[in-house]
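For reference, the structure discussed in these notes is given below.
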Amino acid sequence: MKPELKRLHSPDIYDLENYKPTHSHEFGLLLQMMIGVEGKDGEESFDVFVCTPAYVANELRTNKLIFGRFYLLVDEYNLSSIKNFINNYISKIEVNLWQDFAAEMSKYAKWEFDDYLDSK
């Protein structure tokens, strides 16, 4: 089983490809990595908050405390670099089952089925 990044989506940004933050070194956005099995239909969402250290510093000045799980820290907004980083990361995860991939990926990104309880 080989995972594949199918696409990226953000509910915060309409057009990720052409997005230019007001300050490229101080921004934050929710990024949904839509990942599935290579060569097969279907994808599941793994969500991460992409932001710069300057964004985090500003949040700390404003709020004094913030949680830090599921953050991807970057120096500036560069979608190509973000995609490459994600692709490189998921290509190194060697598992036989999708569930094992999702468990590994869930360490760094919020899986849409994390904490899902079957109602049967």
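Just so you know, these numbers come straight off a predicted model, no measurement behind them.
- Listed here is the closest heavy atom pair of Cys51 and Gly28: CB-CA, 3.8 Å.
- We find the CZ-OG distance between Arg69 and Ser106 to be 8.0 Å, quoted to the nearest 0.5 Å.
- Rounding to the nearest 0.5 angstrom, the gap separating the NZ atom in Lys40 from the CH2 atom in Trp98 is 11.5 Å.
- Look at Glu4 and Lys2 and you find no salt bridge, because none of the NZ, NE, NH1 or NH2 atoms lies under 4.0 Å from a carboxylate O.
- For CG of Asn96, the number of neighbouring non-hydrogen atoms (other residues, nucleotides, ligands) closer than 6.0 Å is 12 at most.
- Interatomic distance, Leu16 CG to Ile82 CD1, rounded to the nearest 0.5 Å: 8.5 Å.
- For the pair Pro3 and Ile90, the tightest heavy-atom approach, listed with the atom from each and the gap, is CG-O, 3.6 Å.
- Under the 30°/60° scheme for interplanar angles, the aromatic rings of Trp111 and Phe46 are found to lie parallel.
- Listed for the Ser91 side chain is a donor-acceptor partner under 3.5 Å among the backbone atoms of Asn88.
- Note on Phe49: it does not cluster hydrophobically with Ile86, by side-chain heavy-atom contacts below 4.5 Å among ILVMFWY residues.
- Using a 4.0 Å cut-off between charged side-chain N and carboxylate O, Glu104 and Lys92 make no salt bridge.
- When the side chains of ILVMFWY residues are joined at heavy-atom separations under 4.5 Å, either directly or via intervening members, Leu8 and Val50 end up in a single hydrophobic cluster.
- Leu31 and Ile13 fall within the same hydrophobic cluster, where Ile, Leu, Val, Met, Phe, Trp and Tyr residues are linked whenever their side-chain heavy atoms come under 4.5 Å apart, directly or through other members.
- Interatomic distance, CE of Met33 versus OH of Tyr108, reported as 12.0 Å (0.5 Å rounding).
- Heavy atoms from other residues, nucleotides or ligands lying under 6.0 Å from CG of Asp41 number 12 at most.
- Although no hydrogens or angles enter the test, the distance criterion places a donor-acceptor pair under 3.5 Å between the side chain of Lys6 and the main chain of Val37.
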Exercise. Passes ring-ring contact (aromatic ring centres under 6.0 Å, His included), Tyr55 versus Tyr71? Steps please.
Worked result: CA-CA 12 Å; Tyr55 175 91; Tyr71 278 52; 7.9 Å; no

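- The cluster map of Ile, Leu, Val, Met, Phe, Trp and Tyr, joined by side-chain heavy atoms under 4.5 Å apart, puts Val48 and Leu5 in the same cluster.
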Exercise. Does the pair Val74 and Phe27 meet the rule for a side chain to side chain contact (heavy atoms under 4.5 Å, CB included), with working shown?
Worked result: CA-CA 10 Å; Val74 299; Phe27 79 94; 3.8 Å; yes

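- Surrounding OH of Tyr19 are more than 12 heavy atoms belonging to other residues, nucleotides or ligands, all under 6.0 Å away.
- To the nearest 0.5 Å, atom CG of residue Leu72 and atom OG1 of residue Thr52 are 11.0 Å apart.
- Met1 is not listed as a side-chain neighbour of Leu97, based on a closest heavy-atom distance of 4.5 Å or more.
- No donor-acceptor pair under 3.5 Å is formed between the side chain of Glu43 and the backbone N or O of Met34.
- More than 12 heavy atoms of other residues, nucleotides or ligands shown are found within 6.0 angstrom of NE2 on His25.
- Counting only distance, with no hydrogens or angles, the side chain of Ser10 and the backbone of Leu30 share a donor-acceptor pair below 3.5 Å.
- Phe113 and Val95 fall within a single hydrophobic cluster, where Ile, Leu, Val, Met, Phe, Trp and Tyr are joined by side-chain heavy atoms under 4.5 Å apart, directly or via other members.
- Ser45 OG to His9 NE2: the interatomic distance, rounded to the nearest 0.5 Å, is 8.0 Å.
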